[in-house]
Engineer: 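Let me give you the structure first, and then I'll get to my questions.
Every value quoted in this text rests on a predicted model; they were computed, and no experiment measured them.
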Amino acid sequence: MDPRIPLLRRKLAAIPFQPRRSHSFGEEQHEFRLGPKLSEARVAAFEAEHAIALPDAHRQFLTHIGGSGAAPFYGLMPLERCSPLVMNPHQEPGTPRGFGGAEPGAHESDLFLHIIEMGCTDVCVIAVTGPLTGRVLIGNSDGYWGPHVSSATDFLDWYERWLNHMSAGRDNRALELTSPRLRAQPDRHRMARRSDSP
């Protein structure tokens, strides 16, 4: 088991009781609760069904912490709702790229797994093949903005960043965290730049 797992459990358990923490968009949906951990057999069956291998840090989260629930935005989706995606081809240089459903066995493109509900057509995915494997990206399936690749090295690092920034009462537009200071002055939030790393 990854040594970060017990620390993440403790940090998540403490978050709801921290009065000066940031508000996490969508927290009313998951209420910082996790679904049951997944068995190795269930994860292996999902991988076999989609002919993919989940990145190790994501797999460890699912099998040692929780299979759904508390996470940025509306929370981690149950594995059976997660779907493989591919990034849409480039249209014009410098234009945003969206995501579309991956054809079964379509391994000529880098594959991503839609893992977190963001609402509307926005998506939070984890790369499961290619040079970004294990990294979390956020974007829009229709290509209206992004995608943005998190600087976090893997899913556990990304998840801990969410917890740390929230605990510290920080603003982070990429993770949709709003500090107590900005919640007290909502007009200032509209002027905040979306420059934080997800």
Side-chain angles (χ1 to χ4, degrees), residues 24-27 29-30 43 46-62 68-162 165-166 170-178 189-198:
S24 182
F25 173 80
E27 69 179 55
Q29 181 87 15
H30 55 72
V43 174
F46 178 86
E47 291 175 321
E49 177 186 353
H50 296 284
I52 61 173
L54 296 183
D56 185 60
H58 181 230
R59 172 188 265 271
Q60 292 229 14
F61 188 95
L62 298 176
S68 63
F73 315 112
Y74 290 117
L76 195 62
M77 297 188 299
L79 195 56
E80 60 271 12
R81 287 188 44 217
C82 296
S83 55
L85 303 173
V86 292
M87 196 178 294
N88 296 338
H90 276 295
Q91 300 298 321
E92 295 178 29
T95 58
R97 295 172 70 183
F99 292 88
E103 296 294 324
H107 291 287
E108 67 278 359
S109 300
D110 296 341
L111 290 176
F112 302 87
L113 189 65
H114 185 192
I115 57 170
I116 289 181
E117 188 64 51
M118 289 183 70
C120 299
T121 57
D122 292 344
V123 293
C124 180
V125 301
I126 190 167
V128 294
T129 65
L132 295 175
T133 297
R135 303 281 291 278
V136 176
L137 295 81
I138 59 171
N140 179 272
S141 58
D142 295 327
Y144 291 128
W145 61 273
H148 300 291
V149 182
S150 173
S151 60
T153 57
D154 62 21
F155 183 80
L156 294 176
D157 187 31
W158 182 78
Y159 195 88
E160 186 172 19
R161 179 176 296 173
W162 173 62
H165 286 202
M166 195 175 1
R170 290 183 57 183
D171 294 304
N172 186 316
R173 292 278 291 142
L175 291 171
E176 291 291 344
L177 295 175
T178 308
H189 185 49
R190 283 186 281 165
M191 299 185 333
R193 295 180 300 124
R194 192 182 188 115
S195 61
D196 288 335
S197 212

Engineer: Answer yes if the side chains of N172 and W162 hold a donor-acceptor pair under 3.5 Å, and no otherwise.
Structural biologist: no
Engineer: Are any of the side-chain heavy atoms of F112 and P147 separated by less than 4.5 Å?
Structural biologist: no
Engineer: Checking side chain to side chain donor-acceptor pair (under 3.5 Å) for the pair R81/S68: CA distance, chi angles, key distance, verdict?
Structural biologist: CA-CA 10 Å; R81 287 188 44 217; S68 63; over 6 Å; no
Engineer: Hey, could you give me the CD/SG distance between E117 and C82, rounded to the nearest 0.5 Å?
Structural biologist: 10.0 Å
Engineer: Can you check ring pair (Phe, Tyr, Trp, His ring centres under 6.0 Å) on F73 and F25, steps first, answer last?
Structural biologist: CA-CA 5 Å; F73 315 112; F25 173 80; 7.3 Å; no
Engineer: Locate the shortest heavy-atom distance separating P72 from L175; write the atom from each residue and the value.
Structural biologist: CG-CD2, 4.2 Å
Engineer: Report yes or no: does D157 contribute a side-chain atom to a donor-acceptor pair with the main-chain N or O of T153 at less than 3.5 Å?
Structural biologist: yes
Engineer: For P55 versus A127, what's the shortest heavy-atom pair and its separation?
Structural biologist: CG-O, 3.4 Å
Engineer: Is there a side-chain contact between L132 and L137, using heavy atoms and a 4.5 Å cut-off?
Structural biologist: yes
Engineer: Any side-chain to backbone donor/acceptor pair from H114 onto L85? Under 3.5 Å, distance only.
Structural biologist: no
Engineer: What is the minimum heavy-atom distance between L111 and A102, and which atoms define it?
Structural biologist: CD2-CB, 3.7 Å
Engineer: Show, in sequence, the C-alpha distance, side-chain angles and deciding distance for T121 and F99, and conclude whether the side-chain contact (heavy atoms from CB on, under 4.5 Å) test is met.
Structural biologist: CA-CA 10 Å; T121 57; F99 292 88; over 6 Å; no
Engineer: State, with a plain yes or no, whether a side-chain heavy atom of D110 is found less than 4.5 Å away from one of P131.
Structural biologist: yes
Engineer: Any chance you could measure Y74, atom OH, to E27, atom CD, to the nearest 0.5 Å?
Structural biologist: 12.0 Å
Engineer: Using 0.5 Å steps for rounding, measure from the CD atom of Q60 to the CG atom of L54.
Structural biologist: 11.5 Å
Engineer: Can you check whether A152's main-chain N or O pairs, donor with acceptor, with R135's side chain at less than 3.5 Å?
Structural biologist: yes
Engineer: Side chains of V43 and E47: closer than 4.5 Å at any heavy-atom pair?
Structural biologist: yes
Engineer: Rounded to the nearest 0.5 Å, what separation is found between the CE atom of M166 and the CZ atom of R161?
Structural biologist: 13.5 Å
Engineer: Applying side-chain contact (heavy atoms from CB on, under 4.5 Å), run through L177 and D171 and close with a yes or a no.
Structural biologist: CA-CA 5 Å; L177 295 175; D171 294 304; over 6 Å; no
Engineer: Quick check: do F155 and D56 have side-chain heavy atoms less than 4.5 Å from each other?
Structural biologist: no
Engineer: Can you tell me how far apart CG (L113) and OG1 (T129) are? Round to the nearest 0.5 Å.
Structural biologist: 11.0 Å
Engineer: Sequence neighbours excluded, which residues qualify as side-chain contact (heavy atoms from CB on, under 4.5 Å) partners of E80?
Structural biologist: R42, P78
Engineer: Is there side-chain contact between M118 and V123, with heavy atoms separated by less than 4.5 Å?
Structural biologist: no
Engineer: Roughly how far, to the nearest 0.5 Å, is CG of L76 from CD1 of I116?
Structural biologist: 5.5 Å
Engineer: Taking the side chain as every heavy atom from C-beta outward, state whether V128 and P84 have any pair of such atoms under 4.5 Å apart.
Structural biologist: no
Engineer: If we ignore hydrogens and angles and just use 3.5 Å, is the side chain of N140 paired with the main-chain N or O of D142 as donor and acceptor?
Structural biologist: yes
Engineer: Check whether any side-chain heavy atom of V136 sits under 4.5 Å from a side-chain heavy atom of Y159, and report yes or no.
Structural biologist: no
